[in-house]
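Below: one structure, written as structure tokens.
Just so you know, ligand 1 is whichever comes first in the structure, and atom 1 is the first atom listed for that ligand. Residues: numbered from 1 along the sequence shown. In this text the structure is predicted, and so the values were computed from the model without any measurement.
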Amino acid sequence: MIEIVCADITTLEVDAIVNAANTSLLGGGGVDGAIHAAAGPVLLDYCRTLDGCRSGEAKLTPGFDLPARRIIHTVGPVWKGGGHYEAPLLTACYRNSFEVALHYGVRSIAFPAISSGVYGYPKEQSAEIALSVMLEYEDRFERIIACCFSDRDAGLYRSVLKSLRVTQ
Ligand code: ADP
């Protein structure tokens, strides 16, 4: 089941939350900064051992002080106008995060809107990719949460999901 919520992802009690990280995996701003702040400094120590992460890939850590048991870190593409493999890379972020989740037996998972903040991906297009991949994996999870950070984003997600279900 896909749920669209407006929340701070660090508060969600799920098996895993996904982090929109950067290639260093050593923390940053936005949702990444919030996750590191809430998980505690041990997360950074753990991330130092992971040797970074390429755009489109996903790596798992414990959740440490978070209510979520695990964190799946993925690196979205920086929007450069659309002609630099942004769409396949963003699709890969969602797919690889789901594959890592399945590998570790995750049944409930929450995603932020990867790349749609500082990385500048147009919101509607990023929502279409996020929700299309969520629909592909819907049957394999108990809960898939699209965690938006504003009512406006949540509204956009709801209308995109509605139109994708109609065309399915
Ligand atoms: P990126 O660099 O991948 O664009 P950002 O963190 O800048 O990542 O933004 C990604 C999305 O996460 C944005 O839509 C932003 O509003 C949202 N966001 C920021 N903080 C949080 C949070 N604590 N919980 C959920 N979403 C958040």
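- Under a 4.0 angstrom heavy-atom cut-off, S116 registers as being in contact with ligand 1.
- Backbone and side-chain nitrogen or oxygen atoms of T10 are examined, and none is located within less than 3.5 angstrom of a nitrogen or oxygen of ligand 1.
- Heavy-atom proximity to K123, at under 4.0 Å, picks out these atoms of ligand 1: 14 (O).
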side-chain hydrogen bond (donor to acceptor under 3.5 Å, both in side chains) between E99 and Y137, worked out: CA-CA 9 Å; E99 291 299 328; Y137 284 86; 2.5 Å; yes

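- Closest heavy-atom approach to atom 10 (C) of ligand 1 among the candidates A113, P77, G29: A113.
- By the 3.5 Å distance cut-off applied to N or O atoms, C147 is not counted among the residues near ligand 1.
- By the 3.5 Å distance cut-off applied to N or O atoms, I9 is counted among the residues near ligand 1.
- Within ligand 1, the atoms closer than 4.0 Å to a non-hydrogen atom of G30 are 6 (O), 20 (N), numbered from 1 in the order shown.
- Within the 4.5 Å cutoff, the side chain of Y119 has no heavy atoms near those of the W79 side chain.
- Under a 4.0 Å criterion applied to the non-hydrogen atoms of F149, ligand 1 contributes the atoms 16 (O), 17 (C), 18 (N), 19 (C), 20 (N), 21 (C), 22 (C), 23 (N), 24 (N), 25 (C), 26 (N), 27 (C).
- With hydrogens and angles ignored, the 3.5 Å screen pairs no side-chain donor or acceptor of S126 with any backbone N or O of S116.
- In this structure, D8 has a heavy atom closer than 4.0 Å to ligand 1.
- Listed by number with element, the atoms of ligand 1 under 4.0 Å from a non-hydrogen atom of A34 are 23 (N).
- Here the side chain of Y94 pairs a donor or acceptor atom with the backbone of I114 at under 3.5 angstrom.
- Residue contacts with ligand 1 include A7, since one or more of its heavy atoms lies under 4.0 Å from the ligand.
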